[in-house]
Amino acid sequence: MRPEPENRIDPKAITAWRINGGLSSLFYWLVPIVYGGTAWDGEWAFWPVYPLAGIAVVYTLLQFTIIPVILWRRWRYQIDENEIDLKHGFFIIRRTLIPVKRVQHVDTSQGPVYRNLKLAKVTIFTAGSTHEIPALSDETADEVRNLISKFAREAQENV
């Protein structure tokens, strides 16, 4: 079996994922709030508000505590002149090998949370798929993008 990829994403990914998870949990809070507001008028039973709120609490706690840490620990990548090796996942660990000669182009991007934390995401485009390396520092993301681009150019020239 292959050795595990060596590089990790930036530890600030945990903070970014906590913020994004907190924002996404707002949706789960809307359900008991809206239902509770409707049930308050007496048209519906009020008791379902409690389990709905409980689900929202559990989801929010998981998004702020366990999930970001596990995702960060599992995310690894490695780049060499022949392939890009990605390993990530929560319950199901996915291992992806991308031949460098199949890379069409590489992008870096930042949303508002990543920009505030000085992180960037590297997106690798091939003919049949798109792959991401999330939450790299700005400098590392630029280096990774340029390295993949360089290796892809060299692989195309050698064909």
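Just so you know, these numbers come straight off a predicted model, no measurement behind them. Position 1 is the first residue of the sequence; numbering continues from there.
- Using a 3.5 Å distance cut-off with no hydrogens or angles, the side chains of Q110 and D138 do pair a donor with an acceptor.
- Hydrophobic clustering (side-chain heavy atoms under 4.5 Å, transitive across Ile, Leu, Val, Met, Phe, Trp, Tyr) groups V106 together with I98.
- By the neighbour-count criterion of 12 heavy atoms within 6.0 Å, atom CZ of R102 is sparsely surrounded, having that number or fewer from other residues, nucleotides or ligands.
- I79 has its side chain out of reach of D85: every pair of non-hydrogen atoms, C-beta onward, lies at least 4.5 Å apart.
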side-chain contact (heavy atoms from CB on, under 4.5 Å) between L136 and D142, intermediate numbers included
CA-CA 9 Å; L136 299 173; D142 287 341; over 6 Å; no

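- Under a cut-off of 6.0 angstrom, the local environment of CZ in F125 is crowded, with over 12 non-hydrogen atoms contributed by other residues, nucleotides or ligands.
- In the hydrophobic clustering of this structure, V58 groups with F90; members are Ile, Leu, Val, Met, Phe, Trp, Tyr whose side-chain heavy atoms approach within less than 4.5 Å, directly or through other members.
- Looking at heavy atoms from C-beta onward, K87 lies out of side-chain contact with Q78 at the 4.5 angstrom threshold.
- No chain of hydrophobic side-chain contacts below 4.5 Å, direct or via other Ile, Leu, Val, Met, Phe, Trp or Tyr residues, connects L71 to F64.
- Note on L62: it does not cluster hydrophobically with I55, by side-chain heavy-atom contacts below 4.5 Å among ILVMFWY residues.
- Using a 4.5 Å heavy-atom threshold, the side chains of R95 and P5 count as touching.
- Using the six-membered ring where Trp is involved, Y59 and Y28 have ring planes that are tilted, between 30° and 60° apart.
- Within the 4.5 Å cutoff, no side-chain heavy atoms of W17 are placed close to those of V69.
- Atom CD of residue E132 and atom CG of residue D107 lie 10.5 Å apart, to the nearest 0.5 angstrom.
- Under the 4.5 Å side-chain heavy-atom criterion for grouping Ile, Leu, Val, Met, Phe, Trp and Tyr, L97 is not connected to V100 through any hydrophobic cluster.
- Among the candidates R73, R74, R76, the single residue satisfying the salt bridge (charged side-chain N to carboxylate O under 4.0 Å, His left out) test with E4 is R76.
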Candidate pair E83 and R2, rule salt bridge (Lys or Arg N to Asp or Glu O under 4.0 Å), full reasoning:
CA-CA 13 Å; E83 62 194 8; R2 292 190 136 191; 2.5 Å; yes

Intermediate values then yes/no, side-chain contact (heavy atoms from CB on, under 4.5 Å), I124 and I148
CA-CA 9 Å; I124 305 157; I148 293 171; 3.9 Å; yes

Take D10 and T140 through the test side-chain contact (heavy atoms from CB on, under 4.5 Å) and record every step on the way to the result.
CA-CA 9 Å; D10 196 290; T140 304; over 6 Å; no

Criterion side-chain contact (heavy atoms from CB on, under 4.5 Å) on Y77 and I84, from CA distance to verdict:
CA-CA 7 Å; Y77 70 95; I84 303 160; 5.7 Å; no

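- Cation-pi geometry between R8 and W75 is not met at under 6.0 angstrom from the ring centre and within 45 degrees of the axis.
- S149 and R145 form no side-chain donor-acceptor contact under 3.5 Å, judged by distance and modelled atom types alone.
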